[in-house]
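Only one structure is covered here, and it is reproduced in the block below.
Because the structure is predicted, anything quoted here is derived from the model rather than measured. Residue numbers count from 1 along this sequence. Quick note: numbers below take in every heavy atom, side chains included, and nothing from hydrogens, waters or symmetry partners.
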Amino acid sequence: ISSSLGLKISPKPNQTLKVNALIFGLSDSPQSKWGLLDSVPKEDEQIGELIDSSEYLNSGFTFNNLAEQLKENNYSILHLATHGYFGGTAESSFVLAYDQEIPIPKLEKLLQNSKTVPNLLVLSACETAVGSELSVLGLAGIAAKSGVDSTLGSLWQVADEAQLEVIHDFYSLINNNLSNKEEALRQVQIKQIREFAHPDKWASLNLIGNY
């Protein structure tokens, strides 16, 4: 597989999966305590140009829409570009939809009830794994309890524009071969290091689970 990065990843035999994504993004929350995520529409658009996807932005990102899409259609990736918080317990952790905060147990149940459980859950959001020393375990727990093979999430607050570039490069590399998620993330990070990017930009994303 070649990519816009000028890098190549050799597919692993018999592990190639059809790559398509269900993308829900929130750039402007009606809840005033949350800031704007200005790069989310561009992020969603870029992913849609790279792989087959269905996209729901802002007022389209409701709990019911998410539940309906997962229940009625097959997706290998669920991509949530929104605010999120991982506290010390599942009950205190959530991702933000347009109409409500979605507690992690509720998200896990949606994934379990999917027509086909996604292979990869991407939490491209502000503070998706921030909150406590148990945050990484919280990410791993989503995958373990819901049947998702792996979860990609941020370990600290990430600048909107920096996240946009890294996510774009990651999707450029996985293209139609989800079996190479780990190698794709590694090559994205190598590219950033070669460009002398600060670790704040490239080191936050963590891939957890079976990859």
Side-chain angles (χ1 to χ4, degrees), residues 15-31 34 37 40-41 43-86 90-129 138-154 163 167 170-171 174-179 181 205-211:
Q15 292 184 348
T16 301
L17 300 172
K18 178 183 177 182
V19 178
N20 64 338
L22 175 61
I23 303 172
F24 278 82
L26 189 65
S27 62
D28 186 7
S29 171
Q31 303 180 52
W34 297 101
L37 293 173
V40 165
E43 177 177 298
D44 292 359
E45 178 185 348
Q46 287 183 344
I47 296 171
E49 292 172 352
L50 293 168
I51 63 174
D52 181 29
S53 63
S54 300
E55 303 159 30
Y56 297 84
L57 183 65
N58 290 330
S59 60
F61 184 179
T62 64
F63 176 81
N64 286 339
N65 277 349
L66 177 59
E68 181 178 0
Q69 284 298 313
L70 287 172
K71 187 174 182 179
E72 296 184 359
N73 298 287
N74 296 317
Y75 295 99
S76 56
I77 300 172
L78 173 60
H79 184 102
L80 302 179
T82 180
H83 287 286
Y85 179 81
F86 278 75
E91 290 71 22
S92 65
S93 306
F94 61 86
V95 293
L96 186 67
Y98 188 82
D99 57 339
Q100 61 180 276
E101 295 175 358
I102 303 177
I104 293 308
K106 206 170 182 179
L107 176 61
E108 291 169 347
K109 188 172 182 179
L110 287 183
L111 290 166
Q112 290 168 351
N113 292 333
S114 298
K115 184 175 182 181
T116 300
V117 177
N119 177 274
L120 174 65
L121 170 63
V122 178
L123 298 170
S124 174
C126 181
E127 301 188 15
T128 48
L139 283 178
I142 293 179
K145 293 180 181 178
S146 62
V148 173
D149 274 4
S150 50
T151 303
L152 183 69
S154 305
Q163 185 86 329
I167 289 293
F170 176 77
Y171 275 96
I174 61 171
N175 198 356
N176 286 311
N177 189 11
L178 263 179
S179 64
K181 300 185 290 287
L205 286 179
N206 200 45
L207 187 63
I208 299 170
N210 178 20
Y211 45 80

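If you take CG on Leu123 and NE2 on His83, they are separated by 14.0 Å, rounding to the nearest 0.5 Å. Rounded to the nearest 0.5 angstrom, Thr151 OG1 and Leu121 CG are separated by 4.5 Å. Taken from CD in Glu43 to CG in Leu57, the straight-line distance is 11.0 Å, to the nearest 0.5 Å. Phe170 contributes atom CZ, which lies 11.0 Å from atom OG of Ser124 (distance to the nearest 0.5 angstrom). Note: Leu107 CG to Gln112 CD = 10.0 Å, rounded to the nearest 0.5 Å.
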Intermediate values then yes/no, side chain to side chain contact (heavy atoms under 4.5 Å, CB included), Phe24 and Asn65: CA-CA 9 Å; Phe24 278 82; Asn65 277 349; 4.0 Å; yes
Ile47 vs Ile77, side chain to side chain contact (heavy atoms under 4.5 Å, CB included): CA-CA, chis, key distance, verdict: CA-CA 11 Å; Ile47 296 171; Ile77 300 172; over 6 Å; no
Asn206 and Leu152: CA distance, side-chain angles, deciding distance, side chain to side chain contact (heavy atoms under 4.5 Å, CB included) verdict: CA-CA 6 Å; Asn206 200 45; Leu152 183 69; 6.0 Å; no
Verdict with supporting geometry, His79 and Ile167, side chain to side chain contact (heavy atoms under 4.5 Å, CB included): CA-CA 11 Å; His79 184 102; Ile167 289 293; 3.9 Å; yes
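Take Asp52 and apply the side-chain contact (heavy atoms from CB on, under 4.5 Å) test, not counting sequence neighbours, and it matches Asn20. In this structure, the side chain to side chain donor-acceptor pair (under 3.5 Å) partners of Thr116, at least two apart in sequence or on a different chain, are Asn74. For Ser54, the side-chain contact (heavy atoms from CB on, under 4.5 Å) partners are Leu22, Tyr56, Tyr75, not counting sequence neighbours. Residues satisfying the side-chain contact (heavy atoms from CB on, under 4.5 Å) criterion with Lys106, sequence neighbours excluded, are Phe63, Gln100, Ile102, Pro103. For the side chain to side chain donor-acceptor pair (under 3.5 Å) test, no residue two or more places apart in sequence or in another chain qualifies with Asp28. By the side chain to side chain donor-acceptor pair (under 3.5 Å) test, Ser53 pairs with Glu55, sequence neighbours left out. Residues satisfying the side-chain contact (heavy atoms from CB on, under 4.5 Å) test with Asn113, not counting sequence neighbours, are Lys109.
Every pair passing salt bridge (charged side-chain N to carboxylate O under 4.0 Å, His left out) that includes a residue from residues 92-102 is listed here, sequence neighbours excluded: Lys33-Glu101. Listed by first and then second residue, the ring pair (Phe, Tyr, Trp, His ring centres under 6.0 Å) pairs involving residues 92-122 are Trp34-Phe94 (not counting sequence neighbours).
For the pair Asn119/Lys181, a side-chain contact is recorded, criterion being any heavy-atom separation below 4.5 Å from C-beta on. In this structure, Asn58 and Val40 have side chains that are not in contact, with every pair of non-hydrogen atoms separated by 4.5 Å or more. At a threshold of 4.5 Å between non-hydrogen side-chain atoms, the residues Phe61 and Leu80 count as touching. Looking at heavy atoms from C-beta onward, Leu120 lies out of side-chain contact with Val148 at the 4.5 angstrom threshold.
Heavy-atom minimum distance, Ser76 versus Val19: OG-CA, 3.3 Å.
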